[in-house]
Amino acid sequence: MKRLADILEQRISAALQKVTGQAFAAMVRVAAEPKFGDYQANGVMAAAKQAKTNPRQLAEQVVAALDIQDICEKPEIAGPGFINLRLKDSFLAARLLEMNTDKDRLGVEKTDTPQTVVVDYSGPNIAKQMHVGHLRSTIIGDCIARMYDFEGHTVIRQNHIGDWGTQFGMLCALFDERFLQISDVTPTRKILGELEAFYIEAKKRFDSDEQFANTARFAVAGLHSGEGPWRTYWESIVRESERHYCEIYEKLSVTLKDKDIRGESFYADKLADVVQTLKQNGLAVESEGAICIFPEGFKNKEGEPLPVIIQKSDGAFLYATTDLAALQFRVQELHADTIIYVTDARQAQHFAMLFAVAKMAGWTDDTIELMHITFGTMLGEDGTPFKTRTGGTVKLKDLLDEAVQRAAAVVEAKNPDLPAEQKASIARAVGIGAVKYADYSNNRNSDYIFSFDKMLAMEGNTAPYMQYAYARIKSIERKAAGKDVDIEGELAGITTLTFTDEAEKDLAKLLIRYDQAIDAAVRECRPNYLTGYLYDLSQAFSRFYSACPVLQADARQRPLRLLLCDLTARTIRHGLSELLGIEVVEQM
RNA sequence: GCGCCCGUAGCUCAGCCGGAUAGAGCAACGGAUUUCUAAUCCGUAGGUCAGGGGUUCGAAUCCCUUCGGGCGUGCCA
């Protein structure tokens, strides 16, 4: 099913071409107000200006040349030269019926130019527990990966975890001290059970105990050379950490799996080559004792060229080195057409420089797209970076647990008679959904204020609003049997649809726009376009629900209403659960 | 100093390539339930889109500038 907005764009552009002899964009948009119709074309005014003709007159000619009666009522010309379009009932009905036959994709077409897309997201530093700072990259990246997937691209998720570096020396040192002989995984868990505390203690010892610090440095050397027990310790720590964050991913319905892990350690033995290559091709030079590359256009405080440092004066490599190795790997081994990095906005300059270096080195060219998808900081209710009352970082697990707990209280208040197990599962879906949705629904570039009270108020533009709309539809379906309504039978037997209420049409018009919403969201990697659509859809449904009885509707009205319910439920479920990773519930 | 992001209703935020009278939610006020879940719906009120200038048929949106906030700016990631 071709996107309606695209069809309209093409038809009107064609008419413009016919009239003016030139190519102009029709600039079709959803109408600003219902009284202007359903869609409007704004392109005539710009075209008239360029062609130096009267816009109203041009609009008349365009409308006269326009072949569109299969889709719209007679177009109207308004204002300085807008062309207003109103969809025909017959067209709406045809689209709905087409969606009805496409259970999986709701009429959303796959891309005709599939690509290999690498999405790099989440990337926790595994020495520590995941905290709120990891939330945005994890879920925004996941939504991007899901959307690209759905559009038919080959998506390669990459979890670039921080599993290498000097901090692992001190962790191994403490590990060594705590447990000299690792026999199986159980004692490992015991030692690392409170990973955060383990890290803090190691850090404390490292800073205060000279002998311990020496052991830590010795451990780093051992890690690199592979001598001694250090690799084994390291593996235990890494494995234990992975267990921890895979648990969080599962809680969050994030699609990252073990196979997506490709941490810093993976690139460790490639770093020397990267530096060597860049030296050989003359890009990397020594400066103040470090090996640097100076991409054009970047300056430091003194206005001098700013370097990307790839090797410190002591010989050690840096994260820029690892990032370059990863970039090269993704292009050359994973054959990426597009690489999307989902990290916070503070790293914008780092990635800009990185991309510049990759281009200088000839690793990428104009056929490969490198995107840094940025997002703002999560703030507490006082507007400062989000912390616990005592000033510590908030652990992701604690935050999610609290959300679920709060949701459980609401479920208990609203629906105390449900079985305990079902109440618990609703609380999970609602609580986690609320946290994710609050993040998704904001423009990712702005900092946003995290507030349990707001996101779990469960009124207005929140995940529960949509989950509720979905649950109401499911409730209708459950009641249907008792009222001798055979939904499946009626849906299968529909041949014509009759609109008798504006609320039906408003809902239908939104339903057929799902493809457009996804397209906008994926094009700019902005999940909030998708949440905005789903909210509009749910609102249209709620209006429809209060205006139009379904099961009691007469035989003429009921097929359409059943179809609208079914398509709405499927769209909400698909949007929430397949694209945003937010669970839906049958009852709430 | 330079660079990036941000400034929209009392609060939290949308506003897609410049389009018609700038939109939601929360809070406030008033209404709606013998009928499929009221976690809902309908209505009222609320704005110098930080200020100024420019581009043009048209600017919250693009450009310049001032103010205010955040972040980054050579060996952390």
Side-chain angles (χ1 to χ4, degrees), chain A residues 25 27 29-33 35-36 40 42 45-46 48-49 55 78-82 84 123 125 162 165-166 264 287-292 297-314 316 318-320 322-323 343-350 352 374 376-377 379 383 410-411 413-415 430 438 441-443 445-449 451 453-454 457-462 464-465 467-469 471-480 483 516-517 519-521 523-524 526 528-529 531-532 535-536 539 542-543 545-547 549-553 565 587-588:
Chain A
M27 299 209 285
R29 309 278 184 270
V30 171
E33 283 185 62
K35 70 174 176 192
F36 298 136
Q40 61 182 58
N42 302 335
M45 290 168 291
K49 186 171 153 48
F82 296 101
N84 289 337
N125 184 326
T166 48
E264 291 171 352
S287 167
E288 297 175 28
I291 306 298
C292 303
F298 297 92
K299 290 178 187 156
N300 67 11
K301 289 175 206 164
E302 283 74 43
E304 295 153 357
L306 190 65
V308 175
I309 301 177
I310 55 173
Q311 190 168 20
K312 301 204 296 187
S313 45
D314 68 1
L318 296 97
Y319 78 126
T322 307
D323 279 343
T343 79
D344 67 279
R346 287 179 305 209
Q347 298 186 50
Q349 186 173 259
H350 166 69
T374 59
T377 313
L379 304 174
V410 180
V411 175
K414 301 274 183 191
N415 228 333
V430 168
S441 59
N442 277 309
N443 180 328
N445 272 335
S446 20
D447 295 344
Y448 86 98
I449 296 190
S451 162
D453 290 336
K454 292 231 161 71
M458 300 175 194
E459 281 153 9
N461 190 4
T462 61
Y465 181 88
Q467 289 167 321
Y468 181 63
R472 294 219 278 193
I473 299 171
K474 292 293 133 181
S475 178
I476 291 176
E477 290 174 5
R478 281 192 301 275
K479 296 249 156 89
K483 308 210 173 187
Q516 201 184 331
D519 182 59
R523 218 173 35 224
E524 297 196 30
R526 293 189 182 275
N528 67 311
Y529 291 172
T531 60
Y535 183 56
D536 288 345
Q539 271 188 316
S542 291
R543 288 191 197 109
Y545 182 90
S546 45
V550 178
L551 296 176
Q552 289 93 329
C565 283
Q587 293 180 59
M588 66 186 281

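Below, chains carry the letters A, B, ... as their sequence lines are ordered, and counting in each starts from 1. Quantities reported herein were computed from a predicted structural model and do not represent experimental measurements.
Residue A:Leu318 has its side chain nearest to B:A77 when only B:U37, B:A77, B:A39 are considered. The listed nucleotides are B:C16, B:U73, B:C75; the one nearest the side chain of A:Tyr529 is B:C16. Here B:C41 is the nucleotide among B:G19, B:A39, B:C41 with the atom lying nearest to any side-chain atom of A:Gln539. Distances were taken from every side-chain heavy atom of A:Ala46 (C-beta onward) to each of B:U37, B:C13, B:G19; the shortest belongs to B:G19. Here B:A77 is the nucleotide among B:A20, B:C41, B:A77 with the atom lying nearest to any side-chain atom of A:Glu264. Ranking B:A20, B:C36, B:C17 by closeness to the A:Glu524 side chain, first place goes to B:C17. Ranking B:C75, B:G25, B:C41 by closeness to the A:Ser542 side chain, first place goes to B:C41. The side chain of A:Arg29 approaches B:C17 more closely than any other nucleotide in the set B:C36, B:C17, B:C75. For A:Asn415, the listed nucleotide lying nearest its side chain is B:U37; candidates were B:C75, B:U37, B:A20. Side-chain proximity of A:Tyr465 to the nucleotides B:U40, B:G74, B:A77 is greatest for B:U40.
At the phosphate of B:A14, OP1 or OP2 sits under 4.0 Å from a side-chain N or O atom of A:Ser446. Distances shorter than 4.0 Å separate none of the side-chain N or O atoms of A:Lys474 from OP1 or OP2 on B:C36. Under 4.0 angstrom from either OP1 or OP2 of B:A38 there lies at least one side-chain N or O belonging to A:Arg472. OP1 and OP2 of B:G1 both lie 4.0 Å or more from every side-chain N or O belonging to A:Lys299. Contact check, A:Asn443 against B:G15: a side-chain N or O comes under 4.0 Å of OP1 or OP2. Applying the 4.0 Å criterion to OP1 and OP2 of B:U73, one finds that A:Lys301 has every side-chain N and O outside that range. A sub-4.0 Å separation between OP1 or OP2 of B:G3 and a side-chain N or O of A:Asn300 is absent. The phosphate of B:C36 has neither OP1 nor OP2 within less than 4.0 Å of any side-chain N or O from A:Arg478.
Backbone-only contact: A:Asn442 has heavy atoms under 4.0 Å from sugar-phosphate atoms and none from a base. Using a 4.0 Å heavy-atom cutoff across all strands shown, A:Phe298 reaches no nucleic acid atom at all. Residue contacts for A:Asn84: at a heavy-atom cut-off of 4.0 Å it reaches a base atom on one of the strands shown. Within 4.0 Å (heavy atoms only), A:Ser313 reaches at least one base atom of the nucleic acid. Across all strands, A:Lys483 comes closer than 4.0 Å to no nucleic acid atom at all (heavy-atom distances). Within the nucleic acid shown, A:Ser287 comes within 4.0 Å of at least one base atom, counting heavy atoms only. Across all strands, A:Tyr535 comes closer than 4.0 Å only to sugar-phosphate atoms, never to a base (heavy-atom distances).
Judged by closest nucleotide on RNA chain B, A:Gly460 is the one of A:Val410 and A:Gly460 placed further toward the 5' end. In this structure, A:Ile476 and A:Leu306 both approach RNA chain B, and ranking their closest nucleotides by distance from the 5' end singles out A:Ile476.
With hydrogens and angles ignored, a donor-acceptor pair under 3.5 angstrom links the side chain of A:Tyr319 to the base of B:A77. Interface remark: the A:Asp536 side chain does not form any donor-acceptor pair with the B:A14 base, using a distance-only criterion of under 3.5 Å.
B:G19 has no stacking from A:Phe82 on its base ring, since the centres under 5.5 angstrom apart and planes within 30 degrees of parallel are not both found.
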